[in-house]
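Working notes, structure below.
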Amino acid sequence: MQKSGPGANLMAKTERRLALTIKGGVSLGTYEAGAITQLLSLISYNNQQPNAIPWYIDCVAGASAGSITAAMLARALINTGAVGPNGTMSAAVLQEIWVQRLALDALAAGAPNTSILSSDAVRQIANDYFALWPAIAAPHPAFRAASGVSLVFTLSALDVEPTTAQAANGALLYDEYAANARFDLTVDNTGAVTSSGSGSALCLYNTPGNPLVTGKDASDALIWAAISSGAFPLAFAPHALARYENLLWKKRWFSDGGIYDNDPVGEMINLAHDIDWNPNKPPLSDGDRRFLVILTEPQAPVDVWPPDGTDLAGDLLNINPLDMLAKLLPGFIDEAGNSGLRGISQVNQSILKRAKVISDLVSVLNTTASSFEFGALRNMVQPIVERMAERQSVSHELLALIRSSFIDDLQGLPDNLQARALALGTRPNVKEAFVEMGLLVDLSAGLADKVLFRPIVIGPAKALAGDPLEAFSGFFLQQLRQHDFDQGGADAYAAMKAVRDPDFVLDPNAPVPPADVVLSAAEQAQYSSAEKLFNDRVGVVADTMAQELAGQLPGASLPIFGKLTRETIGEVVKYLAEIFLGRSER
């Protein structure tokens, strides 16, 4: 998924770069914030140990609530003296915002009749913590100035122009609703912070012919893009961004990025790939890259199907239609919510198939007579490789990097493949011929820039305290958010301990997992009051929709439409939350 650059072997075991994926999860973003806070603490501990290999976070992909958390993380990485309304926050900015400030009463205040909640509270948080990015960095130990940090947020476009694909008898038009916004934060040798992005800005931005956004324009766009990515449909109103299209900046409207890509593992991989190939970044070996994915839902249970009592008749299944829908709909939700995760196994399977071909190639070359002219074989295959790379828009410089790291990237594959490939170097020109033949295989299969992907995964073993009501209930009570924040920290520690990475010095002071939440009578009353407020807000949106429907249908009964619409809104909110949470049948 990324290759090593020149001198990468000299960089071996000098640093580790960590790429993160932060999924959406409504109020369960509190769990993700707790996991990241613990991760920052663990990296800080590791990086301060004598002779330890330092770890740095250099790229983050976020969706929905995960985008908002990613922006907070970037702020904490750049400047540990980030000052908010309650003083110096450092990495605790994540807890301050998620646990203390993202409460339902704040989110509901001033909400319009067309959405359940208001973005005003989120905007206020952004203004308090992010209005002024620091001119001079005071980096967290998990931030390396030479590497910087890159961010990508998923977005769901509401207004798009059709994309054209050529058909045999004209043109095929289709709409592309999935989008993203990418930003880079760097620090120079004087400590000055630079923000940049391309193609996304605040909605009134307009510099025709130039997609690049820098300085405060970029940092403001970063925050607004993160908020736009978290604009859960019906819960929050859509947001506007300026997008660079066909040499012009155009105002476009966006909703929650989790609709089309709620587990942006692919975005994370692509971002890390671009960083590791960037000649302006420190070189890195594939073995020095680490990936981490944070989940908010327990892993899916074993699916027992068909249900008991089903009439099995040969190759036909006589089943109640409701049972059939109960099977298909959760499956559709799970497929939509976890498509990015499924891509991991697909790529890994392709790489393992390719490894068998490469292994056979090593065996053939090893058994070929020593009188064979391997130099001639290399010279014959090399032009084919270069022509194929050119057709795939792989530059000469990039091909040189792929060529120089080909054998290094065999590390960890079965059949002791890397050691066997290195042993080919004992005979003249054999190793060089092997590399060219291997590149021919990789370019043909589209695997020239991919290695096995084995991420560190942080996730809960059971449903979190903020899980009920499609994960909105975490906003009801601070105790629930604090529990999930603490659980995230405990699970992050357990994940890093289970990985047993020899290059990471684990802090021996393990956090204690929180006890299950038991609400007092006063807390239960507070929860019930918040639940009523939430349901009332759903009712307001439903009534607004009912009035619109009744206005368009003369003679319609408003009370009937109101009841139907309220139920419909509730089901739609539930359905969308199921998609974002990546749930299958409970």
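Scope of the values below: all heavy atoms of this structure, side chains included, with no hydrogens, waters or symmetry mates.
Separating the CG atom in Leu94 from the OG1 atom in Thr37 is a distance of 4.0 Å, to the nearest 0.5 Å. In this structure, CE on Met388 lies 6.0 Å from CG on Leu443, to the nearest 0.5 angstrom. The distance from the CZ atom of Arg427 to the OG1 atom of Thr368 is 6.5 Å, given to the nearest 0.5 Å. Rounded to the nearest 0.5 angstrom, Thr296 OG1 and Asn262 CG are separated by 8.0 Å. To the nearest 0.5 Å, the span separating CG on Leu185 from OG on Ser147 amounts to 13.0 Å. With rounding to the nearest 0.5 angstrom, the CG atom of Asp408 is 6.5 Å from the CD atom of Gln418.
Considering all non-hydrogen atoms of both residues, Arg354 and Leu413 come closest at NH1-CD1, 3.7 Å. The two residues Pro141 and Asn47 have their closest heavy-atom pair at O-ND2, 2.9 Å. In terms of heavy-atom proximity, Gly230 sits nearest to Ile68 at CA-CD1, 4.3 Å. Summarising the geometry of Ala179 relative to Arg243, their closest heavy-atom pair is CB-NH2, 3.7 Å, with the distance given to 0.1 Å. Between Leu440 and Val385, the shortest heavy-atom distance links the atoms N-CG2, 4.0 Å. Nearest heavy atom pair, residue Leu399 against residue Glu386, reads CD2-CG, 3.8 Å.
Checking side-chain atoms of Gln382 against main-chain N and O of Arg378 turns up no donor-acceptor pair under 3.5 Å. With Asn46 contributing its side chain and Leu42 its backbone, the two residues share no donor-acceptor pair below 3.5 Å. Judged by distance alone, the side chain of Arg289 and the main-chain N or O of Arg17 form a donor-acceptor pair under 3.5 Å. Not one N or O on the side chain of Ser67 forms a donor-acceptor pair closer than 3.5 Å with the backbone of Ala226. A distance-only check finds no donor-acceptor pair linking the side chain of Thr214 to the backbone of Ser196 [under 3.5 Å]. Remark: side-chain polar atoms of Thr21 are not paired, donor with acceptor, to backbone N or O of Val293 under 3.5 angstrom. Counting only distance, with no hydrogens or angles, the side chain of Asp184 and the backbone of Ser150 share no donor-acceptor pair below 3.5 Å.
No side-chain heavy atom of Val160 sits less than 4.5 Å from a side-chain heavy atom of Glu176. Asp415 places none of its side-chain heavy atoms less than 4.5 Å from the side chain of Val362. Taking 4.5 Å as the limit, some side-chain heavy atom of Ile22 sits within range of a side-chain heavy atom of Ile36. In this structure, the side chains of Leu28 and Glu297 come closer than 4.5 Å at one or more pairs of heavy atoms. Side-chain contact between Tyr244 and Val213 is absent, with no heavy atoms from C-beta onward closer than 4.5 Å. By the 4.5 Å heavy-atom criterion applied to side chains, Asp288 and Ile53 are not counted as neighbours. Side chains of Lys23 and Glu32 form a contact here, defined as non-hydrogen atoms less than 4.5 Å apart. Using a 4.5 Å heavy-atom cutoff, the side chains of Trp98 and Met72 are in contact.
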Practice task
Evaluate the side-chain contact (heavy atoms from CB on, under 4.5 Å) criterion for residues Leu40 and Leu77: first the C-alpha distance (whole Å), next the side-chain angles of each, then the deciding distance (0.1 Å), finally the verdict.
Solution key: CA-CA 9 Å; Leu40 288 172; Leu77 285 172; 3.8 Å; yes
Practice task
Please lay out, stage by stage, how Ile294 and Leu39 fare under the test side-chain contact (heavy atoms from CB on, under 4.5 Å).
Solution key: CA-CA 11 Å; Ile294 305 176; Leu39 185 65; over 6 Å; no
Practice task
Test Ile78 against Val187 for side-chain contact (heavy atoms from CB on, under 4.5 Å), laying out the working first.
Solution key: CA-CA 8 Å; Ile78 286 286; Val187 175; 4.0 Å; yes
Practice task
Take Leu377 and Met380 through the side-chain contact (heavy atoms from CB on, under 4.5 Å) test and state the conclusion after the steps.
Solution key: CA-CA 5 Å; Leu377 175 62; Met380 179 182 71; 3.9 Å; yes
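Taking a 6.0 Å sphere around CD of Glu245, one finds it holds more than 12 heavy atoms contributed by other residues, nucleotides or ligands.
Residues Asp256 and Ser156 bring no donor and acceptor atom of their side chains to less than 3.5 Å of each other. When only modelled atom types and interatomic distance are considered, Ser363 and Arg420 share a side-chain donor-acceptor pair under 3.5 Å. Using modelled atom types, one finds no donor on one side chain facing an acceptor on the other under 3.5 Å when comparing Ser219 with Ser195. No side-chain N or O of Tyr45 forms a donor-acceptor pair with one of Asn509 less than 3.5 Å apart.
Salt bridge Arg16/Asp501: absent, no basic N to carboxylate O contact under 4.0 Å. Taking a cutoff of 4.0 Å between a charged side-chain nitrogen and a carboxylate oxygen, Arg144 and Asp58 do not qualify as a salt bridge.
By the 30° and 60° cut-offs, the orientation of the rings of Trp55 relative to Phe504 is perpendicular.
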